[in-house]
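Below is one structure, written out as structure tokens; comments come after it.
In each ligand, atom 1 is the first atom listed, and ligand 1 is the first ligand listed.
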Amino acid sequence: MKDSEDGPMADGTQRLPDTDHLDAVVVGAGVAGLYMLYRLRALGLSTRVFEAGDNVGGTWYWNRYPGARCDIESIDYSYSFSDDLQQEWDWSERYATQPEILRYVNHVADRFDLRRDIRFETRVTATHFDERNNHWSIETDRGDHVTASFCIMATGCLSSSQVPAIPGLDRFQGRWYHTGQWPHEGVDFTGQRVGVIGTGSSGIQSIPVIASHAAHVYVFQRTPNFSVPAHNAPLDPEYVRQIKANYAERRRKARESRSGFLVPLNKNTETPALDVSPEVRREEYEARWARGGFGLMASFSDLYSNKAANDTAAAFVHEKIRKIVHDPAVAEKLLPRDHPVGTKRLCVDSGYYATYNRDNVTLVDIRSAPIEEITPDGLRTRDSAYTLDSIVFATGFDAMTGALNRIDIRGRGGEALREKWVAGPRTYLGIASAGFPNLFLITGPGSPSVLSNMMTSIEQHVEWTTECIDYLRERRIDTIEPTLEAEDDWVDHVNDLAQETLYPTAGSWYMGANIPGKPRIFMPYVGGVGTYRKRCAEIAANGYEGFVLTTMSERELPASESTMAAPSPLSS
Ligand code: FAD
Ligand code: NAP
């Protein structure tokens with residue numbers, strides 16, 4: 001096999017298109033794609049990664065907006081697969097900034113010599129399964145045409161950014177930006193009138209920082225969100241030393257946990273909220289608010305399943321907002337009332353609510369008076385016109401399915417994945433889809449993914465996929481794909497679990513509700529990282545229950561004899 005030497009094109013030079021046959025192609029060079037490459041290389045597989053950006057990092061390469069940082073503590077939001085790596089890397093803050101996380105991902109790429117197998121500035125446009133040869137045929141926007149036995153989609157759950165179709169944007173004379181495609185050179189808002197549309201995590205992180213430079217910030221809010229304080233701070237070296245001394249144990253517990261990281265102050269997690277007195281509840285919420293981060297939602301066992309319990313946490317956050325925001329009318333507008341706390345991704349902020357006490361920040365409620373058009377010098381809502389120098393779209397992503405649906409993925413019989421998923425994504429374990437052999441989805445819909453510390457979930461999927469490929473190769477098995485029965489059972493299981501929670505009551509991006517026309521299906525698996533991991537491991541240990549494994553020679557035989565189809569583990 002040719003290992004072409006033509007490298008990344010950051011300097012603007014052209015490279016010749018690839019035409020190789022590879023063992024594996026990985027799409028995406030975020031944290032998932034990099035780790036996948038590392039593991040497949042260790043198996044001895046010829047592997048190529050295609051990445052649309054001109055460098056590694058994925059989320060942390062694209063989302064360079066002011067204030068961007070992780071919302072899971074860096075000690076946990078980092079790779080665990082190499083003890084040397086986790087021992088040698090020092091995070092400077094509890095929640096690292098985007099530049100620091102990007103430096104870390106670059107360090108990983110260099111430390112493990114990963115770049116030589118990555119083709120940057122190259123977007124995969126199509127991947128078709130060739131049934132005659134049992135391989136994937138992959139095409140890119142640079143004219144590459146490679147084939148590969150395995151195709152692994154590490155395309156990201158939150159990588160396909162969405163600018164809403166508001167009339168007039170093309171006539172806007174100022175500058176506009178999407179948080180998920182931020183200019184690399186940065187943006188200087190000094191002295192500008194800036195409009196920010198969107199108050200999800202990206203808006204909530206960026207608004208305080210933009211407000212500290214801009215002449216005036218207008219925040220156009222359609223739906224208020226719940227946010228908890230990060231209480232970000234430099235990391236104490238003694239604390240880090242203690243973590244590092246027991247890192248392996250911490251990581252093990254994270255893998256077995258519900259969320260993929262150790263939620264601080266976990267003592268009451270088994271207790272329903274209404275089983276304790278209001279005073280005890282308040283004490284619990286106060287302690288978690290003071291600690292900062294996601295811990296609030298782990299105060300009691302039923303905050304995600306019992307509306308009355310959830311209301312107590314929501315009322316607590318409302319009270320905090322009213323206390324922080326001086327103007328009662330503004331505070332009232334900031335109170336989320338349309339969804340239970342936590343059912344849309346909880347935001348973790350640094351000074352978000354207090355930003356509304358600044359003279360140069362105006363909150364505009366576009367629920368009651370929607371934006372009607374972007375004008376050449378700003379925008380106009382139903383009630384007023386705003387003159388703006390810049391507009392920031394913090395309007396989110398076509399989450400979980402967007403990046404996959406942008407690729408023309410075709411499986412057996414030329415079936416298009418996006419057609420198969422037209423009424424919502426259908427997968428087995430969130431890793432594979434029936435009719436699409438040897439196609440693996442890293443943190444695909446139907447897996448814990450975005451409800452967890454993504455690092456933990458990414459590592460688990462990468463490791464499961466690597467072990468699966470190793471299993472196939474050792475046994476000279478050509479293809480693996482889920483049975484329809486196993487897939488249907490899994491989809492039902494994922495839906496049933498979600499219906500037991502409050503999640504489907506919110507119009508969230510988890511439900512596809514942020515994208516006009518997208519089917520409303522709760523996409524991630526809510527059963528928890530530890531439970532899910534165990535299920536995946538059992539399925540593998542039982543010879544890949546629910547999958548069909550086929551060898552080329554057997555394909556000539558009648559179907560009943562040609563495959564090793566294990567029954568769906570959920571059907572019994
Ligand atoms: P990504 O990082 O999204 O990488 C996917 C890559 O695939 C991208 O570089 C993209 O360019 C490339 N790609 C996609 N399609 C193609 C194609 N057709 N051809 C070629 N390349 C393609 N999660 C947490 O757990 N904790 C956090 O604190 C956290 N913070 C976040 C902050 C922000 C601003 C955002 C947007 C997300 C955050 N997330 C967080 C989720 C985050 O996306 C994951 O943690 C993780 O970085 C995902 O890694 P990934 O490699 O799976 O995907
Ligand atoms: P988001 O949560 O989907 O928020 C998008 C915001 O834009 C919402 O307030 C939404 O309002 C608004 N919006 C969308 N379309 C609009 C329109 N046409 N008109 C007016 N408003 C519109 O997106 P995000 O903030 O980018 O975050 C996405 C996810 O990425 C997060 O949930 C999180 O998982 C991850 N993330 C994490 C961090 C972090 O803290 N580490 C930071 C950023 C992102 P509606 O609610 O009314 O739709």
Side-chain angles (χ1 to χ4, degrees), residues 26-36 49-53 55-65 67-74 76-77 95-96 98 101 105 119-127 138 140-141 153-166 178-180 196-206 220-225 227 230 259-261 336 338-339 344-349 366-367 370-371 393-397 399 402-404 406-407 442-443 449-458 461-462 506-510 513-516:
V26 178
V27 189
V31 292
L34 290 183
Y35 185 37
M36 196 71 242
V49 179
F50 290 110
E51 166 55 54
N55 211 331
V56 297
T59 288
W60 305 105
Y61 168 92
W62 295 105
N63 290 264
R64 300 175 189 234
Y65 60 83
R69 54 175 81 241
C70 53
D71 58 5
I72 289 179
E73 298 182 30
S74 298
D76 299 310
Y77 186 71
Y95 300 96
Q98 171 273 329
I101 302 172
V105 184
R119 299 293 178 263
F120 292 105
E121 295 177 88
T122 309
R123 184 171 287 281
V124 168
T125 50
T127 176
I138 295 139
T140 76
D141 63 355
M153 294 297 176
T155 44
C157 291
L158 294 161
S159 58
S160 143
S161 50
Q162 284 300 310
V163 177
I166 303 174
H178 187 285
T179 50
V196 180
I197 303 176
T199 50
S201 302
S202 302
I204 280 175
Q205 282 190 331
S206 57
F220 297 96
Q221 171 189 268
R222 190 164 65 181
T223 314
N225 254 304
S227 188
S259 317
F261 65 104
D338 76 322
H339 64 281
K344 282 181 155 188
R345 169 81 168 207
L346 191 63
C347 305
V348 179
D349 73 89
I366 54 166
R367 173 72 65 193
I371 297 174
F393 289 94
T395 45
F397 303 86
L404 293 165
R406 285 179 185 187
I407 305 172
I442 304 301
T443 63
S449 61
V450 291
L451 296 182
S452 68
N453 174 358
M454 289 285 278
M455 283 286 188
T456 313
S457 289
I458 284 168
H461 265 193
V462 166
S508 64
W509 58 258
Y510 299 139
N514 64 326
I515 302 294

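- At a threshold of 4.5 Å between non-hydrogen side-chain atoms, the residues I515 and W509 do not count as touching.
- Closest approach of I101 and A96 over heavy atoms only: CD1-O, 3.6 Å.
- Residues meeting the side-chain hydrogen bond (donor to acceptor under 3.5 Å, both in side chains) test with T122, sequence neighbours left out: R15.
- Residues lining ligand 1 at a heavy-atom distance below 4.0 Å are given as V27, G28, G30, V31, A32, F50, E51, A52, G58, T59, W60, W62, N63, Y65, C70, D71, I72, Y77, T122, R123, V124, A154, T155, G156, L158, S159, F397, I407, S452, N453, M454, I458, ordered by chain and residue number.
- Side chains of R345 and S201: no donor on one and acceptor on the other come within 3.5 Å.
- For the pair R123 and I407, the minimum side-chain heavy-atom distance is 4.5 Å or more.
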Evaluate the side-chain contact (heavy atoms from CB on, under 4.5 Å) criterion for residues K344 and T223: first the C-alpha distance (whole Å), next the side-chain angles of each, then the deciding distance (0.1 Å), finally the verdict. CA-CA 11 Å; K344 282 181 155 188; T223 314; 3.7 Å; yes
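- Enumerated by chain and number, the residues approaching ligand 2 to less than 4.0 Å through a heavy atom are Y65, R69, C70, D71, L158, P164, I197, G198, T199, G200, S201, S202, Q205, R222, T223, K344, R345, I366, R367, A394, T395, G396, F397, W509.
- Looking at N453, its side chain does come within 3.5 Å of a backbone N or O of D76 through a donor-acceptor pair.
- Heavy atoms only, all atoms of each residue included: V49 and A29 are closest at CG1-CB, 4.0 Å.
- Every residue two or more places apart in sequence or in another chain was checked for a salt bridge (Lys or Arg N to Asp or Glu O under 4.0 Å) with R64, and none qualifies.
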